[in-house]
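Counting starts at 1 for both ligands and their atoms, in listed order.
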Amino acid sequence: MNDITRDGNPVLRKRAEKLSFPLDAKYIKVANEMMEYLKNSQDPKIAEKYHLRAGVGLAAPQIGLSIQMASVLVPGPENEIVFEETLVNPVIISQSVQVAALEEGEGCLSVDKDVPGYVPRHDRITIRYQTLDGEEKTIKLRDYPAIVCQHEIDHLKGTLFYDHINKKDPLDIEEGAILIG
Ligand SMILES: O=CN(O)CCNC(=O)c1cccc(Cl)c1Cl
Ligand code: NI
């Protein structure tokens, strides 16, 4: 995973291709490698040893593959895993009016510079996607897992997190927005 595509590479601004099932074996391998990267990046010893930037999600365009596939590995407050999944052809089928943003902003392996500011997103979403074995799932997510999935689904549409930050006042966010700490 050391060959992460960086902002400026057009693959990050393309709409990724929908995948058909059964998945080509090479994509199943890629999905496993992406999840492996996330697990390693969240293990302090391994991350330190291999100088890995921590990640809670990774989208295929970030490793140069313009396909609709992203892995998410979201830890909870005690570092237990609260959401682990590889999303194939994910679609947000409904979303709350309620806006939420991570208090500390967002980061991206494909964006080397820190871009401070709130990234306004939907606090709750319902996503429909397929798993690696082709099973279709429809799930509801809220708060941190919902934020991470929106960040990843954005990658599949060629959107980067800082596209959502208010350029004039990065810490401006609409009245009533939930800040997730
Ligand atoms: O697309 C995935 N990455 O770029 C991996 C590195 N960024 C993160 O793990 C990350 C960090 C903060 C907030 C969110 Cl929502 C995410 Cl996703
Ligand atoms: Ni990212």
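Annotation: atom 16 (C) of ligand 1 to nearest protein heavy atom, Val56 CG2, 3.7 Å. In this structure, the protein non-hydrogen atom closest to atom 3 (N) of ligand 1 is Gly57 O, 3.4 Å. Looking only at heavy atoms of the protein, atom 14 (C) of ligand 1 is closest to His151 ND1, 4.0 Å.
Distance alone, capped at 3.5 Å, places no donor-acceptor pair between the Glu80 side chain and the Pro75 backbone. Between the Arg121 side chain and the Ala100 main chain, no donor and acceptor come within less than 3.5 Å of each other. Judged by distance alone, with hydrogens and angles left aside, the side-chain atoms of Thr131 form a donor-acceptor pair with the main-chain N or O of Glu135 at under 3.5 Å.
When heavy-atom distances to ligand 1 are checked against a 4.0 Å cut-off, His155 comes that close only through its side chain, counted from C-beta outward. At a heavy-atom cutoff of 4.0 Å, ligand 1 is contacted by the side chain of Leu102 but not by its backbone.
Annotation: Leu58 places no N or O atom under 3.5 Å from an N or O atom of ligand 1; distance criterion only. Residue-to-ligand polar distances place Gln62 within reach of ligand 1: an N/O pair is separated by less than 3.5 Å. Polar contact check, Gly107 against ligand 1: a nitrogen or oxygen pair lies under 3.5 Å apart. For the pair Ser110 and ligand 1, the shortest N or O to N or O distance does not fall below 3.5 Å.
Distances below 4.0 Å separate heavy atoms of Gly55 from the following atoms of ligand 1: 9 (O). Every atom of ligand 1 with a heavy atom of Glu152 under 4.0 Å away is listed here by number and element: 1 (O), 2 (C), 17 (Cl). Close contacts of ligand 1 with Glu106, meaning ligand atoms under 4.0 Å from a residue heavy atom, involve 12 (C), 13 (C), 15 (Cl).
To the nearest 0.5 Å, the span separating OH on Tyr37 from CG on Leu52 amounts to 5.0 Å. Atom CD1 of Ile147 is separated from atom CG of Leu102 by 5.0 Å, given to the nearest 0.5 angstrom.
The residues Lys167 and Asp172 are annotated as not salt-bridged, no charged nitrogen and carboxylate oxygen being separated by less than 4.0 angstrom. Using a 4.0 Å cut-off between charged nitrogen and carboxylate oxygen, Lys157 and Asp163 do not count as a salt-bridge pair. Ion pairing of Asp43 with Lys45 is absent here, as no side-chain N (NZ or NE/NH1/NH2) approaches a carboxylate O to less than 4.0 Å.
Geometry at the Ni ion (ligand 2): NE2/His155 and SG/Cys108 form an angle of 90°, nearest 10 degrees.
You'll find the side chain of Gln95 stays beyond 4.5 Å of the side chain of Gln150, heavy atoms only.
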